There are 2 protein chains.
Amino acid sequence: MIRNGTKETKRQHNELHILSAAEEIFAQHGYNGAPLELIAERAGLSKQNLLYYFPSKKLLYQKVLESVLDNWLEFMALLDQPGKDPATKLEHYIRGKIEFSRTRPNGSKVYANEIISGAPHLSNELKARLLQHLEADLKLVNVWIAEGQMDPIDPAHLFFMIWAATQTYADFSSQIEIVLGRSKLEASDFEDAAKFVTHVILKGIGIKN
Amino acid sequence: MIRNGTKETKRQHNELHILSAAEEIFAQHGYNGAPLELIAERAGLSKQNLLYYFPSKKLLYQKVLESVLDNWLEFMALLDQPGKDPATKLEHYIRGKIEFSRTRPNGSKVYANEIISGAPHLSNELKARLLQHLEADLKLVNVWIAEGQMDPIDPAHLFFMIWAATQTYADFSSQIEIVLGRSKLEASDFEDAAKFVTHVILKGIGIKN
DNA sequence: CTTATTTTTTACCAAAAGGTAAAAAATAAG
DNA sequence: CTTATTTTTTACCTTTTGGTAAAAAATAAG
């Protein structure tokens, strides 16, 4: 068995390339509508060669999903956001989510597709991980409410709104592009979005700052 | 040729039944993942018989999409909402969208899937219809801003937020169910959602009332 | 009752697509 | 250079699935 760096690096390189191609094609065509051949072509190899790295379509898809969720959860911890007051932490949280939509729109779309379909491929482990992270965030918001730093709203719905309002710039980009008259959303559009969402939500839940 | 009411009614009845089944199956499996046979089964007839009413899968899908969008646009006209002041009109608008999510979740999912995939089946005619309706709503909000009845925000982003925050209760229901610990969202959940979204958005854009 | 029309069923078909098996080629190790 | 290991290619195979053609059955018209 070969264990040196070079070999491992080449395999990893190929795998990352395939995962990236898969994320794009799955985002555009959905799980069922994405032929392995198209993913392989985008990754620059043959379907059979792709199957050598990922023995099945389902497994490839799950790896993509896992990678996306890992990335998504990075931005999840409200407590870990810079700043001390709720206003700063929430703004960073919202900006993190918008940034995710901007830099990884395909990942967002794959995830959205999966949830819309009833999350048939999402493992219980991933679901648990998501819930666990959210628990901590819900608690923190409840503390803020108890301290009178914001209106007494239901924290769960707050997160539903933040997720929806930020992800829409990735998932529904084709619609937003039409409305804004863009061929593709630009950095300034995402900045506008971040400002807007932050303003409305912070003010809307009565954050004092 | 037979032109009496009974015959026409039977055909229409079957077509509506098929459209309803298709909406459900397309929502759950996406366009490519939805076999005609499954739709036919759900509608209570054979695949070939379904093909008698809708000569192709694409055509069936487009009819579903058209029906959903028609329904969606009904709730679009901000001006037509009851009430005189911005607060009342906006609340009705938001509640209409939430009601759409509650009563036609499958339609919402089909539409979401279509947009996420880049709207490959959405005709220019439907897109134009959507834009036209939105234009009027954007103008109205701009008037409200000019009159100093609300903060000077970008109306387009306001609508993106309202759409996202309301549709999420249909499209992402599987995730929301997990977080709220429900096996299925209940009427009270939608009422909570309507109250929350209305509160945060009206307050967030500085509506005076 | 007979004929015309509509609806449903039966029998197929061709293309797409996921996956397998094994040979061939490339690469690394000794 | 020879051998072992990894990667790529070639050749198939099977199932799924959208769609067609025509016969059969049901229904309505005269």
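Every chain is numbered from 1, with letters handed out A, B, ... down the list of sequences. All figures in this text were calculated on a predicted structure; none of them were measured in a lab.
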Review point. Does a side-chain N-to-carboxylate-O contact under 4.0 Å join A:Arg102 and A:Asp189?
Key: no
Practice item. Mind calculating the distance between CG (A:Leu45) and C1' (D:dT9) to the nearest angstrom? Key: 12 Å
Check your understanding: For D:dC12, which nucleotide in any strand shown is its Watson-Crick or wobble partner with both distances under 3.5 Å?
Key -> C:dG19
Revision key, fill the gap. Separation of D:dT20 atom P from B:Leu51 atom CG, nearest Å, is 7 Å
Revision key, fill the gap. A:Gln48 has its side chain closest, among C:dA17, D:dT10, D:dT20, to D:dT10
Exercise for review: Kindly say if A:Ser46 contacts the phosphate of D:dT9, meaning a side-chain N or O under 4.0 Å from OP1 or OP2.
Suggested key: yes
Exercise for review: Using only heavy-atom distances, determine whether the side chains of B:Arg104 and B:Ser67 contain a donor-acceptor pair under 3.5 Å.
Suggested key: yes
Study note, to complete from the structure: Answer for the Watson-Crick or wobble partner of C:dA26, both distances under 3.5 Å, is D:dT5
Exercise for review: Could you pick out which residue, B:Lys47 or B:Tyr52, lies toward the 5' side of DNA chain C when each is mapped onto its nearest nucleotide?
Suggested key: B:Tyr52
Check your understanding: Side chains of B:Glu114 and B:Tyr31: do they bring a donor and an acceptor to under 3.5 Å?
Key -> no
Exercise for review: Answer yes or no on whether B:Lys57 is positioned over the face of B:Phe26, meaning its NZ or CZ is under 6.0 Å from the six-membered ring centre and within 45° of the axis.
Suggested key: no
**Study point:** Nucleotide of C:dT7, D:dC12, D:dG19 approaching B:Tyr53 most closely (side-chain heavy atoms)
**Key:** C:dT7
Study note, to complete from the structure: Rounded to whole Å, the CD-C1' distance (B:Glu37 to C:dT10) equals 14 Å
Check your understanding: Base, sugar-phosphate, or nothing for B:Leu36, non-hydrogen atoms under 4.0 angstrom?
Key -> sugar-phosphate
Practice item. Using atom CG of A:Leu50 as one end and atom P of C:dG18 as the other, report the distance to the nearest whole Å. Key: 10 Å
Review point. Quick one: A:Phe26 CZ to C:dG18 P, roughly how many Å, whole number?
Key: 9 Å
Review point. For A:Tyr111 and B:Gln175, does a side-chain donor sit closer than 3.5 Å to a side-chain acceptor?
Key: yes
Review point. Could you give the CG-to-C1' distance, from A:Asn32 to C:dA17, as a whole number of Å?
Key: 11 Å
Review point. For A:Ala34, which contact category applies under a 4.0 Å heavy-atom criterion: base, sugar-phosphate, or nothing?
Key: sugar-phosphate
Review point. Is there a Watson-Crick or G-U wobble partner for C:dA14 with both distances under 3.5 Å, and if so, which one is it?
Key: D:dT17
Check your understanding: In whole angstrom, what separates B:Phe54's CZ from C:dT7's C1'?
Key -> 15 Å
Check your understanding: Can you tell me how far C1' of D:dA21 sits from CG of B:Asn49, to the nearest Å?
Key -> 15 Å
